Amino acid sequence: MGRTGIEILGIDGKKLLQMLNEALCEEWLAYYQYWIGSRLIEGPMRSEIEPELQVHADQELNHAVQIVDRIIQIGGNPVLSPADWMKLGKCKYHEPSDPYIEVILDQNLEAERCAIQRYKSIADFTDGKGHATYQLATTILNEELEHEQDIEDWLADLNRMKEDIKKLRM
Ligand SMILES: [Fe+2]
Ligand SMILES: [Fe+2]
């Protein structure tokens with residue numbers, strides 16, 4: 001049995017490859033969401049948050065690298081055209097047409113919550129069967145959870161700042 005057979009023992013390989021390709025599309029969209037958002041943001045805490053968004057962008061790109069390597073290792077074909085990213089990805093890309101920092105962060109937060117579901121479902125699907133893919137999914141899942149926490153913390157800080165300003169005005 002070849003690498004593919006070992007990996008997908010007891011797993012619907014076609015379904016796994018489909019999930020990995022969808023995740024690959026979503027990572028590229030998440031990368032661009034952060035990358036373009038970090039360049040556009042305006043508003044309070046911008047100088048602190050901008051570089052952090054770029055760090056998140058780099059991490060999403062790194063997830064794409066890990067996913068595509070896995071697809072190739074198990075004998076699949078990665079998505080070849082960016083035109084498929086929006087078609088196959090289940091996590092929405094939100095055009096950052098409003099550069100206000102809270103709007104940008106909300107868009108990123110929604111993408112993170114979708115990514116968490118994505119890696120949870122890949123982990124559930126491979127649990128006890130495809131060990132390497134399971135490990136990959138849980139490792140990425142942990143980073144997505146950290147991303148979500150970062151954004152929630154920034155939004156909480158922004159809110160606190162707004163509340164403090166309101167109190168000063170009263
Ligand atoms: Fe990611
Ligand atoms: Fe993320």
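On a predicted model such as this, the values are computed, not experimentally measured, just so you know. Ligands are counted one by one from 1 in listed order, and the atoms in each one are counted from 1 as well.
- With no hydrogens or angles considered, a side-chain donor-acceptor pair links Gln149 and Asp153 at under 3.5 Å.
- In the model, Asn108 has no side-chain atom that pairs as donor or acceptor with a side-chain atom of His56 under 3.5 Å.
- The Fe ion (ligand 1) lies at 2.8 Å or more from every N, O or S atom belonging to Glu26.
- For the residue pair His63 and Gln66, no side-chain donor N or O sits within less than 3.5 Å of a side-chain acceptor on the partner.
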Pairs under 3.5 angstrom only: tabulate donor-acceptor contacts from the side chains of residues 91-101 to other protein residues two or more places apart or in another chain.
residue	atom	partner	partner atom	Å
His94	NE2	Glu110	OE2	3.2
Asp98	OD1	Tyr100	N	2.9

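- Leu141 and Leu16 fall within the same hydrophobic cluster, defined by Ile, Leu, Val, Met, Phe, Trp and Tyr side-chain heavy atoms under 4.5 Å apart, directly or through other members.
- Of all protein N/O/S atoms, those lying under 2.8 Å from the Fe ion (ligand 2) come to 5.
- Residues Tyr119 and Glu26 have side chains that never bring a donor and an acceptor to within less than 3.5 angstrom of each other.
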